[in-house]
> 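I am attaching a structure below and will ask some questions about it afterwards.
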Number of protein chains: 2
Amino acid sequence: MTNGKEATLHQRILSDIEGRIVSGEWPPGYRLPFEVDLAIQYGCSRMTANKVLTHLARAGLIERRKKSGSFVAQPVTQAAVLEIHSIEAEVRSLNLSYSYRLERRVRREASAIDRQHLELSEPAPVLDLVCLHHAGERPFCLEERLINLTTVPEAEGEDFSSSAPGTWLISQIPWNTAEHRIYAQSASAEVAKTLDISRNAACLVIERRTWGSTGPVTFVRFIYPGDRHALVARFTPGGES
Amino acid sequence: MTNGKEATLHQRILSDIEGRIVSGEWPPGYRLPFEVDLAIQYGCSRMTANKVLTHLARAGLIERRKKSGSFVAQPVTQAAVLEIHSIEAEVRSLNLSYSYRLERRVRREASAIDRQHLELSEPAPVLDLVCLHHAGERPFCLEERLINLTTVPEAEGEDFSSSAPGTWLISQIPWNTAEHRIYAQSASAEVAKTLDISRNAACLVIERRTWGSTGPVTFVRFIYPGDRHALVARFTPGGES
DNA sequence: CGGATTATTATGTATATACATGTTCATCCA
DNA sequence: TGGATGAACATGTATATACATAATAATCCG
């Protein structure tokens, strides 16, 4: 940011236009100069101008219409990108020591609820895990997880006694689709006891369902003491870089 | 998706490579063919192959190193894109009737807490609003908002008795940066009464701080009954399109 | 033999060019 | 006058080309 160091032509044009849009100098609905004119203004070829505009369109800052030109878009939805990283990394970033404990490990046939969680239509064997993550001395997060043994049969060979299943799974299933659900819930008696918080204290619950190329992989529920933990997300138009 | 309709060469190459990565055929760490080889394989120019790889790199699916080549990236962070849209749209998407009521509207000098929320270092006048959003007959969400009158003096002329301040603000401040904080909290006596839920019921709280080009714009806190509401986010590698 | 120098290689950026595609606007003719 | 036709226009996609840059491999020489 504001590097000063010689940026590429592409970057300079991009941040210049981005600046005009974000500052409000070019308000929503404003028609920006045509590609050819931008090319002349910045002393570059149309291809370069085109690339910049394509980039801005992908980022959602402008809308492009053939013949009509390119227009500054209306800032409709506030998109927040949450990076849900590993719990160990999260704890360590708080400068606390991290420890992990496996509380339960059961192999069984998927119950009706399990099948709902994993979006399974057929009966299947699952691995039911409960883990507790500590930050320093205190319990930090409770993890309840189901692993679909049909898609990840290798999980049966792992005992997960020393390392959390999340990181192991990432190395097994290279890329996947995920769906998150975030909500608040009062601690049940059991959860309160495990997390060492008072009964009915508000908890932040994050559920994640993951699919690989061969089907549902895992369903996991993270339960955090709500007052001690918060998800933080930042959104800047144009994003990334 | 799986359109069948004649896609562009760019799109075809992109989805082909994306498919290989997502399916695991090309696992993390795998070195994909060089640009020139891809160009030959798909019968296109190097520029086209380059564009595709650039796209994939931006999407986070691959990493590129000069001289060495392009490699399938490790799926490190699970990024979830939350689209935090307007409450009215949210309620209507549930097929419920929407109504809005302004509970409080006070103009005052920013208190110490206000200044902390808005990240203000200097004293400044603010508008303090409390609104209640209804879905059908029931209270849906409580909105507590501070508007910085230094950056948005026009807000003083608005009474917000019939329409929510959020939508009005979007039309005033064209583009902005936002920071979100999501956590769980037990309902205070006051909140419980307003939302018609039991005392100490878990609530989902979403705080948003917004900046425009001229400084802090607004701080808003949305309080939802936690059991009735959830944020849902989906993540697919490659994303968008 | 080892450290400095040079060559090679793959990506990064930019240009000029060409043709396709979808709109809008002007024109022409029944 | 109205509706079809086609020209003009702006973006979309693709190519060939050129040179810059960074990292590795090969070479040379004290």
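Order of the sequence lines sets the chain letters (A, B, ...), proteins ahead of strands, with each chain counted from 1.
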> Between A:Tyr224 and A:His229, how do the two ring planes meet: parallel, tilted or perpendicular, split at 30° and 60°?
parallel
> Taking atom P of C:dT24 as reference, at what distance in whole Å does atom CZ of A:Phe34 sit?
13 Å
> Roughly how many Å is it from CD1 in A:Ile62 to P in D:dA10, rounded to a whole number?
16 Å
> Under 4.0 Å between a side-chain N or O of A:Ser70 and OP1 or OP2 of D:dT11?
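Yes, within the criterion.
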> Side chain of A:Glu35, heavy atoms from C-beta onward: which of D:dA23, D:dG12, D:dT15 has the nearest atom to it?
D:dG12
> Nearest to the side chain of A:Met47, which nucleotide is it out of D:dT11, D:dA14, D:dA23?
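Shortest atom-to-atom distance from the side chain points to D:dA14.
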> When we call it a touch if two heavy atoms are under 4.0 Å apart, what does B:Thr54 touch: a base, just sugar-phosphate, or nothing?
nothing
> Using a 4.0 Å heavy-atom cut-off across all strands, classify B:Leu9 as base, sugar-phosphate, or nothing.
sugar-phosphate
> Roughly, in whole Å, what's the span from CZ in B:Arg65 to P in D:dA25?
13 Å
> Mind checking the CG-CZ spacing from B:Asn176 to B:Arg209? Nearest 0.5 Å is all I need.
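If I round to the nearest 0.5 Å, the distance is 14.0 Å.
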> Please give, in whole Å, the distance from D:dT13 P to B:Arg12 CZ?
14 Å
> Examine C:dA10: is either OP1 or OP2 under 4.0 Å from a nitrogen or oxygen in the side chain of B:Arg64? Give yes or no.
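B:Arg64 to C:dA10 OP1/OP2: no side-chain N or O under 4.0 Å.
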> Quick one: are B:Leu127 and B:Phe160 in side-chain contact, heavy atoms under 4.5 Å?
yes
> Picking from D:dA14, D:dG12, C:dA14, which would you name as closest to the side chain of A:Arg46?
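It is D:dG12.
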> Between P on C:dA7 and NZ on B:Lys66, what's the gap in Å once rounded to a whole number?
20 Å
> Below 4.0 angstrom, N of the basic side chain to O of the carboxylate: do A:Glu179 and A:Arg181 qualify?
no
> Tell me: NZ of B:Lys51 to C1' of C:dT15, nearest whole Å?
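It is 13 Å, rounded to the nearest whole Å.
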> If we ignore angles and hydrogens, is there a donor and acceptor under 3.5 Å between the side chains of A:Glu143 and A:His133?
yes
> OP1 or OP2 of C:dT15 sitting under 4.0 Å from any side-chain N/O of A:Thr48?
yes
> Would you mind reading off the distance between B:Phe71 atom CZ and D:dA23 atom C1', rounded to a whole angstrom?
12 Å
> Whole-Å distance between D:dA8 C1' and A:Lys67 NZ?
6 Å
